[in-house]
Q: 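Mind having a look at this structure? Questions to follow.
Along the sequence shown, the residues carry numbers beginning at 1.
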Amino acid sequence: MADGDYEICFDNSFSRMSEKMVFFEVITEGLLQDTAVEDWAQVVQPDELVDFKLDDIRDSMDGVRRRLERSMQMQTMLRAFEARDRNLQEDNLFRVTFWSSLNMLVMMVVALVQVYLLRSLFNDKRKVRT
């Protein structure tokens, strides 16, 4: 992989009207490896280690660092998924609440109209009864 700036382009040509949420992941490995190895080599000399080789310790530390970086990336990705799901759930709650309220309003109007029509059927407006 070459050093430099990279650009990522997302295309919205399918539908320009609807809103979309895009998540992407960039996994970088080995960016800090050079500086970490140089710092470690300056602190500890190979002849100071008792039964361990410096390369084994470096490999072990690099493995731990890679796993920690991957764990952080996974947690970030899971947080992004959770935020997306929460937004979707809140949008759905708003829609359900709106349409339920509108449905209830229509039912109340229909009920009032029916009561009015039934009462008007039984009202006798003639003054003379036979």
Side-chain angles (χ1 to χ4, degrees):
M1 189 170 196
D3 292 339
D5 294 335
Y6 291 91
E7 184 175 319
I8 299 173
C9 181
F10 297 104
D11 184 21
N12 193 18
S13 62
F14 177 71
S15 173
R16 297 188 189 277
M17 301 305 276
S18 63
E19 180 180 326
K20 293 173 189 67
M21 189 175 299
V22 177
F23 292 102
F24 68 95
E25 177 181 10
V26 176
I27 298 175
T28 58
E29 292 184 4
L31 290 179
L32 300 176
Q33 184 176 6
D34 296 334
T35 58
V37 170
E38 290 174 7
D39 293 342
W40 175 254
Q42 291 174 358
V43 173
V44 177
Q45 299 298 325
D47 56 353
E48 293 178 5
L49 297 176
V50 180
D51 294 332
F52 292 106
K53 294 181 181 177
L54 181 60
D55 294 334
D56 293 337
I57 294 174
R58 284 181 188 166
D59 292 341
S60 176
M61 289 177 62
D62 288 340
V64 169
R65 183 184 49 79
R66 280 194 305 271
R67 286 189 290 273
L68 284 174
E69 285 176 356
R70 183 67 181 152
S71 296
M72 288 176 21
Q73 290 171 348
M74 288 294 289
Q75 286 177 350
T76 303
M77 185 176 63
L78 290 174
R79 276 194 292 273
F81 287 156
E82 190 267 335
R84 181 199 61 193
D85 292 341
R86 183 181 313 180
N87 288 335
L88 180 65
Q89 187 177 22
E90 288 174 357
D91 289 343
N92 287 341
L93 175 65
F94 173 75
R95 287 184 195 139
V96 167
T97 304
F98 173 76
W99 288 109
S100 297
S101 301
L102 186 66
N103 193 11
M104 183 63 87
L105 181 66
V106 169
M107 287 185 354
M108 295 293 280
V109 168
V110 168
L112 291 174
V113 168
Q114 287 178 350
V115 167
Y116 175 74
L117 288 175
L118 279 174
R119 284 189 174 195
S120 69
L121 287 175
F122 292 106
N123 279 346
D124 191 13
K125 295 185 179 179
R126 292 179 288 162
K127 294 194 179 200
V128 179
R129 294 189 181 186
T130 58

Q: Rounded at 0.5 Å granularity, tell me how far CG in Asp62 sits from CZ in Arg58.
A: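 Between Asp62 CG and Arg58 CZ, I get 9.0 Å after rounding to 0.5 Å.
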Q: Is it true that, when you exclude Asn123 itself, more than 12 heavy atoms of the residues, nucleotides or ligands shown sit nearer than 6.0 Å to its CG?
A: yes
Q: Test question: given the 4.5 Å side-chain rule for I, L, V, M, F, W and Y, name all other residues clustered with Leu102, or answer none.
A: Phe98, Trp99
Q: Please identify each residue that fulfils side chain to side chain contact (heavy atoms under 4.5 Å, CB included) with Met72, with sequence neighbours left out.
A: none
Q: Could you give the distance from CZ (Arg70) to CZ (Arg66), rounded to the nearest 0.5 Å?
A: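 The CZ atom of Arg66 is 13.0 Å from CZ of Arg70, to the nearest 0.5 Å.
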Q: Please write out which residues are connected to Val106 in a hydrophobic cluster, directly or through intermediates, given that two of Ile, Leu, Val, Met, Phe, Trp, Tyr count as joined at side-chain heavy-atom separations below 4.5 angstrom.
A: Val110
Q: Which other residues belong to the hydrophobic cluster containing Val64, where Ile, Leu, Val, Met, Phe, Trp and Tyr are joined when side-chain heavy atoms lie under 4.5 Å apart, directly or via other members?
A: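 Noted: Val64 shares its cluster with Leu68.
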Q: Can you tell me how far apart OG (Ser71) and CD (Gln75) are? Round to the nearest 0.5 Å.
A: 6.5 Å
Q: Under the side chain to side chain contact (heavy atoms under 4.5 Å, CB included) rule, collect the residues that match up with Thr97, sequence neighbours excluded.
A: Leu93, Ser101
Q: Quickly, which of Met74, Arg79, Gln73 forms a side-chain contact (heavy atoms from CB on, under 4.5 Å) with Thr76? Name it, please.
A: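 Testing Thr76 for a side-chain contact (heavy atoms from CB on, under 4.5 Å) against Met74, Arg79, Gln73 leaves exactly one candidate, Arg79.
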Q: Scan residues 86-97 for pairs that pass salt bridge (charged side-chain N to carboxylate O under 4.0 Å, His left out), counting only residues two or more places apart or in two chains.
A: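 Every salt bridge (charged side-chain N to carboxylate O under 4.0 Å, His left out) pair that includes a residue of residues 86-97, provided the two are not neighbours, is Glu82-Arg86.
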